[in-house]
Protein chains: 2
Amino acid sequence: MSTSEQTGTDATTQQKRPAKRVSLQTVERLSVYRKVLEELDRDGVENIHSHDLAGLVGVTPAQLRRDLASFGTFGNISRGYNVYQMSRTISRIMGTDETQSVALFGVGDLGRALLSYRGFEERGFHIAVAFDVDGEKVGRVFAGRRCYHVDHLETVLREFDVRMAILASRPEGLQALVDRVCGSGVQAILNFVPKRVSAPGGCHLEETDIASKLEMLSFLAHTDATAAHTASLEPGEPAEGMTA
Amino acid sequence: MSTSEQTGTDATTQQKRPAKRVSLQTVERLSVYRKVLEELDRDGVENIHSHDLAGLVGVTPAQLRRDLASFGTFGNISRGYNVYQMSRTISRIMGTDETQSVALFGVGDLGRALLSYRGFEERGFHIAVAFDVDGEKVGRVFAGRRCYHVDHLETVLREFDVRMAILASRPEGLQALVDRVCGSGVQAILNFVPKRVSAPGGCHLEETDIASKLEMLSFLAHTDATAAHTASLEPGEPAEGMTA
DNA sequence: CTACGACTGTGATTCTATTCACAGTAGCTG
DNA sequence: CAGCTACTGTGAATAGAATCACAGTCGTAG
Ligand SMILES: NC(=O)c1ccc[n+]([C@@H]2O[C@H](COP(=O)([O-])OP(=O)(O)OC[C@H]3O[C@@H](n4cnc5c(N)ncnc54)[C@H](O)[C@@H]3O)[C@@H](O)[C@H]2O)c1
Ligand SMILES: NC(=O)c1ccc[n+]([C@@H]2O[C@H](COP(=O)([O-])OP(=O)(O)OC[C@H]3O[C@@H](n4cnc5c(N)ncnc54)[C@H](O)[C@@H]3O)[C@@H](O)[C@H]2O)c1
C-alpha cells in the first residue's frame, strides 16, 4: 500500500484491487480470526497486535498480516488492529454481516440435530426452511422450521430467498438434487452425504465427510505410534486379470 | 523405485523408507481414492488406470500416481492398479483394515445422530462407548452403546481399548476433558465443539467446525457473485483507544 | 522538538505441493 | 519374435504458500 493517505484511505482504494486471488486456506483462517476476535471483544479488549492475535489462533504473525493484507490495509501501526472493527470487517468480507437464509435437505437424525443447533445464528446463518421426501416429515414443523416436499423446492427456495443449502439426505439421486438446487439460485452447498457429486459452474460445493476425518486421524495415530511407520504396502502378486 | 525386483517387491523394501514425509493433503485424498475404489470393486471392476481413477475422483493422473508413490510401488504397468488390492492397501495404510473402537463424548443432539449413524462401521470405525455428565443420560443405552459418566473415563477407555475419540459435548471445561482423554491413551480426537483447544504432544486433534465451512462457502458465493468482489474493507476511523 | 522503540505491510526468500515430461517396461499384434 | 502402444514411477520444472526481514510510520518519552 502506498504511503500516502494512510488516514484518508477510503473503500475505493481497495476496490481497485480485486485481482488479488485469495486462497481458500486464507479464508479458513479468517474464520478463525473472527471467532477469536469476537471473544476478545466480549472480554473488552479494544486493540490487539498481530503478534498477540497470532499467538491466540496458532499461526505466525507474518501469516496473519499476510492474510489480512489480501484485503487491504487495516491495521494501525503501533496500536495494532481494532478488535471490533476487524471482526466486523471480516464478517463483511465473508458476507456474514447480515444473516443469510439456508435451506436444509433431509430431516433425518443429522438434519434434526442441525435444525436444533443454535450456534449457526451467532455466526450469521439461519436455517430458514427444510425439505424431505418422507410423507411422515413433510408438512411438519421442526424446531420452528417447516418441512416442505422436495418437489416444490424451486418455488420455496425463491420465496425464502435462499442462496445456501445443506445436504443431509441420502445418496440416491443426490446429483439430480444438486442440479435442481443450483438451478434455483443457490450458490453454495455444504454436503454431508458421502457421495461424490459435482456442482454446475458458478455454484460452490463443499464436502464434509466425517468418516474421512476419522480416517485421517487414524492414519496419524498409526503412523507415529508405530515409530518407523509400518504403514507399508503389500504389493502382493501381480494379480493377472482382465483389463478394466 | 529401482527397476529391479518389480515382481518381487516385499514389504521390507518399503519399510526401509519411512522418511518420506507424507502430507495431510495426500492422506485426505487417499481417503477419497479408497471410497471410489470400493464402489468400483462393488461394480466388478478389477483393474483401473491412473488416468481413469483420477478422472473419477477429480484429480490429475500425475497427482494420483504421486500420492500412491509416497507409499511405494503398487501399480502394474499397462494393467494399471488392482482395484481390490489397492483399496485394501490404502485401508492398511490408514489403519482402518481392522475395526477400531471410538469413544463419543456428549450424547446431545449431535452425539445421538452420530451414534445412530451406520456409515462409520463401513469405514472401519465403531463407536464403542459414550460419555456424558447429564444424570439423565448416564447409565442409559443409546443405539446399543452404554453411556458412562465422564468421571470414569480413564477406566472405561482402557477397558474398551479406545484410541480415538469424538467430542460433541460443550465448550465448558473442554481443555480439561481433552487432557484427561489424551492421558488415557487416546491418540486422536475429532472435535465438533467450536472451542479452540490444544492436545498434548503425541495426540492428534482435528477440528470440524460446520459454521466455519458455511462461512467459507458464504465467502465464495459472495466473491464471485459480486463480480469485482466488493468485499473490500472499511478502515474506518483510527479509533483511538487503549493498548491491548 | 528530536530520538527511540515497536509495529505494520510487503519485497524477497524459502519451503512445499503440483504438474510436466520422459525413461523404462509390460502386454499386445501381426 | 520384433515392433508398437500405452502405462507407471519419478527427476525436473513450475506454481503456490509460508516465512523472513526490513523500510516506513507512528506514538512516546525526555
Ligand atoms: N447421522 C450422522 O451422524 C451422519 C454422519 C455423517 C454423514 N451422514 C450423512 O448424512 C445424511 C443424513 O444422515 P442421517 O443419519 O440423518 O440419515 P437419515 O436416514 O436419518 O435421514 C435422511 C433423511 O433424508 C431424507 N431424504 C432422502 N432422500 C431425500 C431427498 N432426495 N431429498 C430430501 N430428503 C431426502 C429421508 O427421508 C430422511 O428423512 C446421510 O447421507 C448420511 O450418510 C450422517
Ligand atoms: N447439533 C449440531 O448440529 C452441532 C453442529 C455443530 C457443532 N455442534 C457442537 O457440538 C456440540 C454438541 O452439540 P449438541 O447439539 O449435541 O449439544 P447438546 O447441548 O444437545 O449436547 C451436549 C451434550 O454434552 C453433554 N456434556 C456437557 N459437558 C460434557 C462433558 N464435559 N463431558 C461429556 N459430556 C458433556 C451434555 O450433557 C449434553 O448431553 C456442541 O458443542 C455444539 O456446539 C453441534
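On a predicted model such as this, the values are computed, not experimentally measured, just so you know. Note on naming: letters A, B, ... go to the chains in the order of the sequence lines (proteins, then strands), and numbering restarts at 1 for each one.
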Item to check | Candidate pair A:M164 and B:S218, rule side-chain contact (heavy atoms from CB on, under 4.5 Å), full reasoning | outcome: CA-CA 8 Å; A:M164 299 182 65; B:S218 172; 4.1 Å; yes
Next on the checklist: If you only use heavy atoms from C-beta on, which nucleotide in D:dT19, D:dT8, C:dT8 is closest to the side chain of A:R65?
Outcome noted: C:dT8
Checklist entry - Any side-chain N or O of B:Q63 under 4.0 Å from OP1/OP2 of C:dC20? => result no
Checklist outcome for this item: Whole-Å distance, B:L68 CG to D:dG9 P, equals 7 Å
Checklist entry - Contact class for A:S23 vs. all strands (heavy atom < 4.0 Å): base, sugar-phosphate, or nothing? => result sugar-phosphate
Item to check | Rounded distance in Å - CD1 (B:I77) to P (D:dT5) | outcome: 18 Å
Checklist entry - D:dA17 C1' sits how many Å from A:D67 CG, rounded? => result 10 Å
Checklist entry - When you look at A:L174 and A:N191, which way does the side-chain contact (heavy atoms from CB on, under 4.5 Å) test go after all the steps? => result CA-CA 10 Å; A:L174 193 69; A:N191 178 28; 4.0 Å; yes
Next on the checklist: Does either side chain, that of B:R34 or that of B:S91, offer a donor lying less than 3.5 Å from an acceptor on the other one?
Outcome noted: yes
Checklist outcome for this item: When rounded to whole Å, the CD to C1' distance for the pair A:Q25 and D:dA15 reads 13 Å
Checklist entry - What nucleotide, of C:dT19, C:dT25, C:dT18, holds the atom closest to the side chain of B:R29? => result C:dT18
Checklist entry - Would you say a side-chain N or O of B:S50 is under 4.0 Å from OP1 or OP2 of D:dT8? => result yes
Checklist entry - Between C:dT18 atom P and A:L24 atom CG, what is the distance in whole Å? => result 13 Å
Checklist entry - Between D:dC26, D:dG9, C:dA12, which nucleotide has the shortest distance from any of its atoms to the side chain of B:T73? => result D:dG9
Next on the checklist: Counting only side-chain heavy atoms from C-beta out, which of C:dG24, D:dT19, C:dT8 sits nearest to A:Y81?
Outcome noted: C:dT8
Checklist entry - What do the steps show when you test B:K35 against B:R123 for side-chain contact (heavy atoms from CB on, under 4.5 Å), and what is the final call? => result CA-CA 9 Å; B:K35 197 159 62 177; B:R123 307 277 284 272; 3.8 Å; yes
Next on the checklist: What's the closest nucleotide to the side chain of B:A62 if the choices are C:dC20, D:dA17, C:dA12?
Outcome noted: C:dC20
Checklist entry - To the nearest Å, how far apart are B:R79 CZ and C:dC28 C1'? => result 12 Å
Item to check | Full working for side-chain contact (heavy atoms from CB on, under 4.5 Å) between A:M86 and A:I48 | outcome: CA-CA 10 Å; A:M86 183 161 149; A:I48 193 166; 6.0 Å; no
Checklist entry - B:R66 side chain: which of C:dT19, C:dT25, C:dC7 is closest? => result C:dT19
Checklist entry - Of all the nucleotides listed (D:dG27, C:dA26, C:dT8), which has the minimum atom distance to the side chain of A:S78? => result D:dG27
Checklist entry - B:N47 has an atom CG; how far is it from atom P of C:dG27, in whole Å? => result 11 Å
Next on the checklist: Is it the case that the base of D:dG16 and the side chain of A:R21 share a donor-acceptor contact (distance under 3.5 Å, atom types as modelled)?
Outcome noted: no
Next on the checklist: If I take atom CZ in residue B:F74 and atom P in nucleotide D:dC7, what distance separates them, rounded to the nearest angstrom?
Outcome noted: 19 Å
